[in-house]
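Start at 1 and go down the list; that is how both ligands and their atoms are numbered. Values in this document were obtained by computation on a predicted structure and should not be read as measured data.
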Amino acid sequence: MPAIVVVGAQWGDEGKGKITDYLAAKAHAVVRYQGGSNAGHTVVVGDDRYKLHLVPSGVLYASIECLLGNGVVIDLPELVKELRELEKRGVNTSRLLLSESAHLILPYHKLIDGLEEEARGSASIGTTRRGIGPAYRDKVNRAGIRLCDLRHASVFRDRLDANRKEKAGMLAGHGLDWEQMAAQQLEAFAHVEKQVRDVGERIESLLDRGANVLFEGAQGTFLDIDHGTYPYVTSSTPTAGGACIGTGIGPCRMDAVLGVTKAYCTRVGMGPFTTEAMDDEGDRLVDRGAEFGTTTGRRRRPGWLDTVMLRYAVRVNSLSGLAVTKLDVLDHFERVRLCTAYEAGGQMHKSFPADPELLKCVKPVYEDVEGWNCDTSGARAFSDLPQKAKDFLKRLTELAGVPVLLVSVGASRDATLELGDPWELRRGR
Ligand code: GDP
Ligand code: IMO
Ligand code: MG
């Protein structure tokens, strides 16, 4: 009856959607616990490619219950649009449940997100402009509006009005139509009202009856508001602890945490990136990996796998094991680089520094592994991989300090090599 948390071990886009969908074959429920429509999780099933933003990557199985926890911020009209598009493609979305305590992203959050990004100028964060930061700020400031407020139109309108007054200065001259906004939210709510409930209670009852529950992280460890490369982070808690806070399930109920990492690294938006490859090799990573954002279409910044970061991700998430994705992207490189430590001013750093001023100065120390120079995308078992690719994964395992359980060599479900079954993981590592 495990509860498994799937967490991004880098800066997002590690392939969490693909891995969650793969593991969901044995799950009863998949729960999103943080973030909002800033997420873009691509799932490929046969010839079909789905780009999910708010809907958990479990929706493509007919029997799975999908839940959005209280920690998610919901842009209701966007959610309804996503549900309609899935329905149009024959996906049944009636098994989606939404936490009544989840906060709303409202049009003014998106507007403020954009205005603040403009105002930051060259210090911009490179947000997705989906209103994430302003929505979480309102939540913490106790000014947020929750799904349950929409059950009572007058309560909702009062809270909206309080926000209109509070934000009047900032929003002056931007022509927001508050009446239309209220009507649009109430209309979108009517579409999902029957699916709104106490999600924590539902998860608890599923776990009590022995169900397998997956908690699907969005973003990644280094975008975490507390543990990431602040201030170049998102405004939620993607790390494993967020799965408890964002769903109402206590930490002792979680059995295992699976970290998802690419065999290299990417980042979208601004902020430090020690192993960034701003050269031909980086361009090749982008080309071979099709590294363009699912949500904004932006080119992702490429670089090499950083095991200093990986060890930090192991600690802050208590990772039980790893899923390594996109190994196939490295197929035709003469050498593959693994960053093992950082160096600054003659000093070696084996752990990830929190101080951005230090992070700015460090240089990566690389260990180069010989490339395997052959196609791995057809591999369907670990034994199908060339020896040099196996050696790379062995070294990665040694440096990370936790086992690699899954290796992905393509976007499809069957391009997943299982070294161990994550559903067999049990508490403690
Ligand atoms: P997420 O946000 O962590 O779910 O990741 P994204 O979906 O944004 O980005 C990962 C991209 O890589 C998607 O387009 C996936 O279809 C694709 N992908 C996932 N695993 C593999 C893999 O092993 N090999 C290749 N070539 N593509 C993969
Ligand atoms: P998934 O779930 C990659 C990045 C943005 C920006 C920073 C803050 O697909 O892995 P925000 O809009 O959240 O305030 O932006 O975080 N970012 C992501 N990068 N993958 C994501 O999601 C991301 N969600 C946000 O690019 O740098
Ligand atoms: Mg993504």
Side-chain angles (χ1 to χ4, degrees), residues 6-22 32 34-45 48-54 56-57 72-73 75 105 109-110 112-114 116-117 124-137 216-225 228-236 238 259-273 285 287-301 323-331 375-377 379 406-417:
V6 175
V7 170
Q10 299 171 315
W11 280 294
D13 300 328
E14 298 90 346
K16 298 173 296 292
K18 166 182 167 159
I19 296 298
T20 301
D21 169 78
Y22 175 80
R32 271 278 306 270
Q34 46 69 233
S37 40
N38 50 347
H41 297 177
T42 311
V43 179
V44 176
V45 183
D48 294 319
R49 177 177 298 269
Y50 298 88
K51 293 182 175 187
L52 304 170
H53 298 286
L54 267 165
S57 308
V72 176
V73 280
D75 184 331
I105 293 186
H109 292 130
K110 290 189 271 194
I112 294 170
D113 196 353
E116 289 182 340
E117 276 290 88
S124 76
I125 292 164
T127 74
T128 59
R129 302 191 180 212
R130 297 296 191 272
I132 305 297
Y136 278 114
R137 181 163 72 212
E216 179 187 18
Q219 290 78 52
T221 300
F222 292 86
L223 289 173
D224 186 283
I225 186 75
T229 46
Y230 193 91
Y232 299 98
V233 292
T234 191
S235 300
S236 69
V260 185
T261 174
K262 281 178 188 167
Y264 51 99
C265 192
T266 61
R267 162 162 222 176
V268 209
M270 309 308 283
F273 186 171
L285 288 170
D287 286 349
R288 286 193 51 83
E291 295 297 354
F292 294 90
T294 309
T295 300
T296 58
R298 289 179 291 177
R299 181 185 192 270
R300 296 173 181 151
R301 296 158 60 194
V324 179
T325 61
K326 302 189 106 164
L327 184 73
D328 55 302
V329 173
L330 299 181
D331 279 353
D375 189 2
T376 61
S377 65
L406 301 176
V407 177
S408 173
V409 292
S412 64
R413 282 178 183 164
D414 62 346
T416 316
L417 323 178

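The salt bridge (Lys or Arg N to Asp or Glu O under 4.0 Å) test with D75 singles out one residue from R130, R129, K110, and that residue is K110.
Below 3.5 Å of separation, one finds no N or O of G12 facing any N or O of ligand 2. The shortest N or O to N or O distance between S235 and ligand 2 is not below 3.5 Å. Where the criterion is an N or O separation shorter than 3.5 Å, residue side chain and backbone included, T325 fails it with respect to ligand 1. Every N/O-N/O distance between V44 and ligand 1 stays at or above 3.5 Å. For ligand 1, the polar-atom distance check against L327 finds no nitrogen or oxygen pair separated by under 3.5 Å. Taking any N or O of G126, backbone or side chain, at least one lies under 3.5 Å from an N or O belonging to ligand 2. On a distance-only criterion, E14 and ligand 2 share no N/O pair closer than 3.5 Å. In terms of polar-atom proximity, defined here as any N/O pair under 3.5 Å, R130 makes no such contact with ligand 2. Annotation: K16 places an N or O atom under 3.5 Å from an N or O atom of ligand 2; distance criterion only. Considering backbone and side-chain atoms together, V268 places an N or O closer than 3.5 Å to an N or O of ligand 2.
Counting only heavy atoms of the protein, atom 4 (O) of ligand 1 lies nearest to G17 N, 2.8 Å. Looking from atom 26 (N) of ligand 1 to the surrounding protein, the closest heavy atom is D328 OD2, 2.8 Å. Looking at atom 15 (C) of ligand 1, its nearest protein heavy atom turns out to be T42 CB, 4.1 Å. Closest protein heavy atom to atom 23 (C) of ligand 2: Q219 CG, 3.7 Å. Nearest to atom 16 (O) of ligand 1 among the protein's heavy atoms is A411 CB, 3.4 Å. The protein non-hydrogen atom at the shortest distance from atom 8 (O) of ligand 1 is G40 O, 2.8 Å.
Listed here is the closest heavy atom pair of W11 and L223: O-CD1, 3.3 Å. When all heavy atoms of A218 and P238 are compared, the closest pair comes out as O-CB, 3.3 Å. Here the shortest heavy-atom pairing between H41 and S57 reads CB-OG, 3.8 Å. For the pair S236 and G35, the tightest heavy-atom approach, listed with the atom from each and the gap, is OG-N, 3.7 Å. Smallest separation of non-hydrogen atoms from P134 and I112: CG-CG2, 3.9 Å.
Using a distance-only test at 3.5 Å, with no hydrogens or angles considered, a donor-acceptor pair links the side chain of R288 to the main chain of D328. Not one N or O on the side chain of R299 forms a donor-acceptor pair closer than 3.5 Å with the backbone of R301.
Using a 4.0 Å cut-off between heavy atoms, D13 contacts ligand 1 through both its backbone and its side chain. Under 4.0 Å from ligand 2, not a single heavy atom of Y232 appears. Neither the backbone nor the side chain of R267 comes within 4.0 Å of ligand 2, counting heavy atoms alone.
Counting heavy atoms from C-beta on, the side chains of I225 and Y230 come closer than 4.5 Å. Two residues are said to be in side-chain contact when any heavy atoms from C-beta on lie closer than 4.5 Å; T266 and Q10 fail this criterion. Side-chain contact check for M270 versus I125: every heavy-atom pair is 4.5 Å or farther apart. Looking at heavy atoms from C-beta onward, D48 lies out of side-chain contact with V43 at the 4.5 angstrom threshold. Side-chain contact check for D113 versus E117: some heavy-atom pair is nearer than 4.5 Å. T127 has its side chain out of reach of E116: every pair of non-hydrogen atoms, C-beta onward, lies at least 4.5 Å apart. In this structure, the side chains of R267 and Y232 come closer than 4.5 Å at one or more pairs of heavy atoms.
Annotation: salt bridge (charged side-chain N to carboxylate O under 4.0 Å, His left out) contacts of R300 (sequence neighbours excluded): D13, E291.
Close approach of ligand 1 to V409 is summarised as follows: ligand atoms under 4.0 Å from at least one heavy atom of the residue are 23 (O), 24 (N). Close contacts between ligand 1 and K18 involve ligand atoms 20 (N) [criterion: under 4.0 Å to a heavy atom]. Short contacts between ligand 1 and S408, defined as distances under 4.0 Å to a heavy atom of the residue, involve ligand atoms 20 (N), 21 (C), 22 (C), 23 (O). Here is the list of ligand 1 atoms found below 4.0 Å of a heavy atom in H41: 1 (P), 2 (O), 4 (O), 7 (O).
Within the structure, ligand 1 has G410 among the residues with a heavy atom less than 4.0 angstrom away. Within the 4.0 Å heavy-atom cutoff, G8 does not count among the residues contacting ligand 2. Remark: distances from the non-hydrogen atoms of R300 to ligand 2 are all 4.0 Å or more. Not a single heavy atom of G12 sits less than 4.0 Å from an atom of ligand 1.
S408 and K18 share a donor-acceptor pair across their side chains, judged by distance under 3.5 Å alone. Checking Q219 against T234 by side-chain atom types alone, no donor-acceptor pair falls below 3.5 Å. Side-chain contact of R298 with T296: a donor-acceptor pair under 3.5 Å is present, judged by distance alone. A donor-acceptor contact under 3.5 angstrom links the side chains of D331 and T376, judged on distance only.
Of the options D113, L52, T127, the smallest heavy-atom separation from atom 15 (O) of ligand 2 is shown by T127. The heavy atom nearest to atom 9 (O) of ligand 1, considering only K326, E14, R300, K16, is found in R300. Of the listed options N38, T42, L223, L223 places a heavy atom closest to atom 17 (N) of ligand 2.
Legend: protein N/O/S atoms lying under 2.8 Å from the Mg ion (ligand 3), waters omitted, number 2.
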